Amino acid sequence: MRMDKLLANMGFGTRKDVKKLMKSGGVHVNGEIVKEGKVHVDPDQDLVTVFGEEVKYKSHIYLMMNKPQGVISATEDSEHETVIDLILYEHAMYEPFPVGRLDKDTEGFLLITNDGQFSHALMSPKRHVPKTYVATVRGKVIEEDVEMFKRGVTLDDGYETKPAQLIILKQGEISEIELTITEGKYHQVKRMFEAVDKKVLTLKRTKIGNLTLDPELELGTYRELTAKEIELLLAK
Ligand code: URA
């Protein structure tokens, strides 16, 4: 890869900025000053530094965010803050986008990436990647609801849901539950509870596939996934 392209991709500005930076002598490859943008480097083999700081090249970025309420799962919105607004420039420069959507008032585990294939693999309806939610629900959730969700319920538009696993964590006028579904219809969890005459009051996604939201992540914060976590998500 050309040196000027690598630096531009890594957020060191426009081609003009990169040219200036290189002319200034701030860029080294394997300890040698490189001033010409057309010089080729192998990002996996060569050590590139800018003013002594190593530049670690990567083409893709994978983030786990603990989405707060009030923020939209989109890259742009004319009125509201988006999840991308919560991301530092050093990550936003990869132009990532959310993998699927959580409602504005839903919290929890959101994946953000610029890898279209990764996103597609997780979102594809054929793969049935399970997603787990914890919710508080107005109304007493009972064993019959567990059975109904296991069989599938009919949503307001006539859609029959696939078998889902409902666990009652606390039973009462306000119940607490955990629900795992393998599909992602619009407002699915809220509509499943409407189908059994109950109302979701708060909703948080805690798990995608085999990966649980890092409990260390405060609401509104995020971190990069490890290579192992990416592998875990893509494992069949
Ligand atoms: N189901 C919902 O109703 N809302 C979400 O944000 C996710 C799943």
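Ligands are counted one by one from 1 in listed order, and the atoms in each one are counted from 1 as well. Everything numeric in this text was worked out from a predicted model, so none of it was measured. Residues: numbered from 1 along the sequence shown.
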**Message:** The test is ring-ring contact (aromatic ring centres under 6.0 Å, His included); show your working for Y62 and Y94 and say whether it passes.
**Reply:** CA-CA 10 Å; Y62 305 89; Y94 288 90; 9.9 Å; no
**Request:** Could you walk me through whether V99 and M123 pass the side chain to side chain contact (heavy atoms under 4.5 Å, CB included) test, one step at a time?
**Result:** CA-CA 7 Å; V99 177; M123 294 295 293; 3.8 Å; yes
**Request:** Tell me, please: is Y186 in heavy-atom contact with ligand 1, that is, under 4.0 Å?
**Result:**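 No heavy atom of Y186 comes that close to ligand 1.
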Using a 4.0 Å cutoff against the non-hydrogen atoms of [X], which atoms of ligand 1 qualify?
{"X": "Y133", "value": "7 (C), 8 (C)"}
{"X": "T106", "value": "4 (N), 5 (C), 6 (O)"}
{"X": "Q188", "value": "1 (N), 2 (C), 3 (O)"}
{"X": "L203", "value": "1 (N), 2 (C), 3 (O), 4 (N), 5 (C)"}

**Stepwise salt bridge (charged side-chain N to carboxylate O under 4.0 Å, His left out) test for K198 and D145** = CA-CA 10 Å; K198 292 172 186 85; D145 299 323; 3.0 Å; yes
**Message:** So, regarding R101 and ligand 1 (criterion: nitrogen or oxygen to nitrogen or oxygen, under 3.5 Å), is there a contact or not?
**Reply:**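 No, R101 has no N/O under 3.5 Å of an N/O on ligand 1.
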**Prompt:** Is there a donor-acceptor contact under 3.5 Å linking the side chains of E176 and T136?
**Reply:**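 Side chains of E176 and T136: no pair found under 3.5 Å.
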**Request:** Would you mind checking if D157 and K185 are paired as a salt bridge, meaning a charged N to carboxylate O distance below 4.0 Å?
**Result:**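 Not counted as a salt bridge, because no side-chain N and carboxylate O are separated by less than 4.0 Å.
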**Request:** Taking only Lys NZ, Arg NE, NH1 and NH2, and the carboxylate oxygens of Asp or Glu, determine whether K104 and D77 approach each other closer than 4.0 Å.
**Result:**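 Answer for the salt bridge query: no.
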**Request:** Among all protein heavy atoms, pick the one closest to atom 4 (N) of ligand 1 and tell me residue, atom and distance.
**Result:**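 Scanning the protein heavy atoms, the shortest distance from atom 4 (N) of ligand 1 goes to D103 OD2, 2.7 Å.
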**Item:** Closest protein heavy atom to atom 1 (N) of ligand 1, given as residue, atom name and distance to 0.1 Å
**Value:**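 Its nearest protein heavy-atom neighbour is V189 N, 3.1 Å.
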